[in-house]
Structures are given as C-alpha cells and as structure tokens.
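Everything below concerns the one structure shown next.
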Number of protein chains: 2
Amino acid sequence: MSTYHHGDLPAALLRAAGRTLERRGLAALSLREAARRAGVSHNAPYRHFPDREALLAALAAEGFAMLGERLRGQPGREMGEAYVRFALQQPQRFRLMFGGLVPMTKYPELRNAAQGAYQALIEAFKELPRPELAAAAAWSLVHGLSQLLLDGHFTHTDREAFVRDVLGVVRFAQRAA
Amino acid sequence: MSTYHHGDLPAALLRAAGRTLERRGLAALSLREAARRAGVSHNAPYRHFPDREALLAALAAEGFAMLGERLRGQPGREMGEAYVRFALQQPQRFRLMFGGLVPMTKYPELRNAAQGAYQALIEAFKELPRPELAAAAAWSLVHGLSQLLLDGHFTHTDREAFVRDVLGVVRFAQRAA
DNA sequence: GTGGTATGTTGACATCGTCTACATATTATG
DNA sequence: CATAATATGTAGACGATGTCAACATACCAC
C-alpha cells in the first residue's frame with residue numbers, strides 16, 4: 001500500500017480544521033473530526049501537533065497572515081473597514097485569533113504572525129506625531145468595533161454605513177487632554 | 001435528612017462556577033465540577049440550567065451587571081479607564097462575556113444585561129452632536145483596547161499610563177471626513 | 001394525610017483529548 | 001543494494017465531560 005502515509009497530513013488537517021471551524025464553529029472543532037476528514041486514524045494528528053491547542057495556534061497564525069494580507073493592500077482610510085470586513089467574513093477564525101484560547105507566549109510563530117498584521121496598521125500612521133499611540137488606538141477601535149458587531153451588540157440595518165460612520169467620528173490628536 | 005434539597009442550588013452553582021472561571025479559566029469550567037463544588041450529584045444542575053450554555057449565559061449576564069455598576073459610578077473621562085480596569089481584573093469573565101460562546105439572541109436576560117451596561121456609556125455622550133455614534137466609537141475603542149491588552153498584543157511596562165495615553169489620543173468629532 | 005410537583009440521585013452512553021504499544025513506510029548508512 | 005534508524009500512521013485504552021432516562025425524596029396544596 002502506498003496510502004499508509006498520507007503525503008501532507010499537516011496541511012490536510014489545517015484545511016479540514018479550517019473548514020469545520022468556519023462552518024460549524026470552534027466548539028465543533030475536534031482533533032478526531034479533523035483526522036476523520038483527512039482520512040486518517042484518530043491519533044495521526046499527534047505526529048504533527050503535540051495537542052489540540054497547537055492545532056488551534058496554527059489556525060490562528062494562518063488567520064493573522066490572512067488579515068495582514070487584507071490590510072496591506074489598503075490605503076490608510078479604508079484599512080479600518082478592511083479590518084472589520086475580515087472579521088465579519090471570517091467570524092470564527094477571528095474569534096479564535098482573539099479568544100484567548102491560544103496564549104501567544106507559547107507559540108512564537110503566532111506572535112510573529114500577529115505582529116506582522118499589526119505592522120500594516122503601524123505603517124499607516126507613520127506621519128502622525130505619536131504613531132505608536134495612534135496605531136494602538138486605531139487598532140483598538142477597529143478591533144472593538146469588529147468584536148461588538150460580531151456579538152450583535154450593534155443592530156443596524158445598514159452595517160457598512162454604520163461602520164463608516166463610527167470610524168468617521170474619530171480623530172487622532174497629538175496631545176492628551 | 002434535610003440535606004437532600006440544597007436550599008439555593010442555582011446561586012451556589014453560579015458562585016462555584018464563577019470561582020472556577022476566574023481561577024482556572026473557561027476551559028476548566030464544567031457542569032460536573034460546579035456540581036461537585038456545590039456538593040450535589042453531577043446531574044443536579046440540570047434542574048436549574050437546561051445545559052452548559054445556559055450556565056455560561058447566566059455567568060455572562062452577571063458579568064454585564066458588574067461591568068455596568070463599575071461604569072455608572074464614573075465621570076465621563078474616567079469611564080474608559082474603568083472599562084479597561086474591569087477587563088484586566090476579571091479577564092476570564094470578560095472573555096466569556098464577549099467570546100461568542102453564548103449567543104445573545106438565545107438569552108434575553110443576557111441581552112438586557114448587556115444593554116444596561118451600554119446605557120452607562122451612552123449617557124456619557126448625551127451632549128455630543130451624534131451621541132449614538134460617539135458612544136459606539138467609544139465602546140469600540142475601550143473594548144478593543146481591553147481585548148488587545150488581555151491578549152498580550154501590547155507589551156508596555158506601565159500599563160496604566162499606556163491606557164491613558166491611548167485613550168487620550170482620540171477625539172470624537174462631529175462630521176466624517 | 002395524600003397526591004402532585006419540584007428537586008436530587010444513579011446509571012448509562014457517545015464523544016473527546018491523550019497515553020502506550022505496535023505497524024509500516026521512508027531515509028540514511030554500510 | 002541491504003539493513004538499520006527514523007518518521008509516520010494505527011489500535012486500543014483511560015478518564016473526563018455533556019446529556020438522557022429512570023428512579024428517589026422532599027415540599028406544598030388540598
């Protein structure tokens with residue numbers, strides 16, 4: 001048999017897990033199910049991921065990479081909207097990335113992926129007086145808005161307009177009051 | 001025996017679950033463990049909560065009530081800092097409240113509790129030109145900042161100063177650009 | 001007091017993460 | 001090319017969990 005070894009099981013697992021994540025949510029995402037979908041035994045994943053958390057970490061890192069790409073293509077003004085759009089289009093992935101289930105301290109590649117995405121935001125604030133503060137504030141704003149929208153705390157008929165209006169009401173000044 | 005009935009099992013379960021939540025995290029929080037801590041059998045909780053999710057919903061609602069209290073006592077300027085302080089002091093509760101594990105649509109008392117906390121923020125922006133937008137932006141800002149701090153995306157020695165600076169850099173204008 | 005209802009218990013089941021032992025393919029080494 | 005070492009996959013087990021069904025006990029209304 002040449003089917004004893006899978007070929008690229010890690011990638012297959014990530015694909016299967018990613019699909020399950022977006023389609024049935026994080027709670028339904030199990031190592032055993034990913035293994036089943038990849039057509040291997042329930043213990044095969046352990047050859048590539050030490051435990052479930054490690055698989056989640058890899059999925060989250062993927063997410064940060066995707067997010068970074070989405071942001072990098074955008075001119076400063078629309079970057080915020082791109083951030084929110086990503087969250088709304090990949091809600092489960094987004095929640096996984098920021099749900100606190102995977103401690104960044106334990107997964108350096110996760111931290112790097114996150115920092116990479118953050119860099120895109122920092123770039124956009126280079127010319128402002130205190131860029132790191134402005135970038136932090138901007139990230140906080142768009143992130144909070146995304147999260148609260150996902151949770152259903154804002155119920156508006158026209159979501160896109162709402163996002164634009166909320167982001168438009170904010171200015172980044174140079175001195176604290 | 002007079003110990004067959006517990007007395008106030010729902011409250012005891014919430015107390016036990018709340019303790020476990022903050023001390024050992026959401027993952028360690030199980031119905032069976034809460035039952036054990038309350039000194040009842042593993043199935044007793046089902047007389048008061050239809051399932052695990054319902055217990056989480058009750059814990060989250062408690063959280064929104066706590067948050068609302070913390071906010072209501074504050075003058076506008078310090079309300080944001082109070083929000084962040086709550087998140088940092090009760091990280092696991094905060095994550096439960098916003099982790100998307102409990103859909104608000106399914107638990108009206110959760111929605112009410114959340115709206116109650118939001119009201120405190122809206123009050124603070126009454127005099128501004130478009131209060132609902134300003135309040136939404138402010139909530140987004142402080143919420144995102146809390147979340148990102150919890151996740152460890154900002155690593156600063158003086159957290160409190162950082163929070164003040166980030167919040168201080170933002171202005172709420174009247175017209176979008 | 002007696003019957004109905006609320007509350008609690010016992011036992012069972014499927015699923016999950018994870019461990020240990022074993023099997024098979026791939027690679028390196030002579 | 002043969003064989004040893006290693007990487008990868010499998011089989012079976014264990015304890016924990018959420019949940020269901022059946023049963024037991026306490027409380028309350030009449």
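So that the names make sense, note that chain A is the first sequence line, chain B the second, and so on, each numbered from 1. FYI, side chains are in, hydrogens and waters are out, and symmetry mates aren't considered; it's all heavy atoms of this structure.
- Between B/Tyr46 and D/dT19 there is a side-chain N or O to OP1 or OP2 distance below 4.0 Å.
- Counting to the nearest Å, the P atom of C/dA14 and the CZ atom of A/Arg36 are 14 Å from each other.
- In this structure, the CG atom of B/Leu26 is 14 Å from the C1' atom of D/dT17, given to the nearest Å.
- A salt bridge is absent between B/Asp151 and A/Arg111: the closest approach of a Lys/Arg side-chain nitrogen to an acidic carboxylate oxygen does not fall below 4.0 angstrom.
- As rounded to whole Å, 14 Å separates atom C1' of C/dC16 from atom CG of A/Asp51.
- Electrostatic pairing of B/Glu53 and B/Lys106 counts as a salt bridge here, judged by a charged N lying under 4.0 Å from a carboxylate O.
- Across C/dG17, D/dT19, D/dT17, the shortest atom-to-atom separation from the side chain of A/Arg32 is found for C/dG17.
- The nearest whole Å value for the distance from the CG atom in B/Leu13 to the P atom in C/dT7 is 13 Å.
- Distances shown here put a side-chain N or O of B/Ser30 below 4.0 Å from the OP1 or OP2 atom of D/dT17.
- Atom CG in B/Leu9 sits roughly 13 Å away from atom C1' in C/dT9 (whole-Å rounding).
- Relative to the side chain of A/Leu31, the nucleotides C/dG17, C/dT10, D/dG18 differ in distance, and C/dG17 lies closest.
- Checking C/dT10, D/dT10, C/dC16 against the side-chain heavy atoms of B/Asn43 singles out C/dT10 as nearest.
- A salt bridge links B/Lys126 with B/Glu123; the closest basic N to acidic carboxylate O contact falls under 4.0 Å.
- Where B/Pro50 and B/Arg47 each meet DNA chain D at their nearest nucleotide, the meeting point lying more 5' is that of B/Pro50.
- For D/dG18, the base has no donor-acceptor partner in the side chain of B/Arg52 [N/O atoms by modelled type, under 3.5 angstrom].
- Note on B/His42: a base of the nucleic acid sits closer than 4.0 angstrom, heavy atoms only.
- Between A/Arg24 and A/Glu33 a salt bridge is recorded (basic side-chain N to carboxylate O distance below 4.0 Å).
- To the nearest angstrom, P of D/dG18 lies 13 Å from CG of B/Leu101.
- Judged purely by atom type and a 3.5 angstrom limit, B/Glu22 uses its side chain to pair as donor or acceptor with the backbone of B/Arg93.
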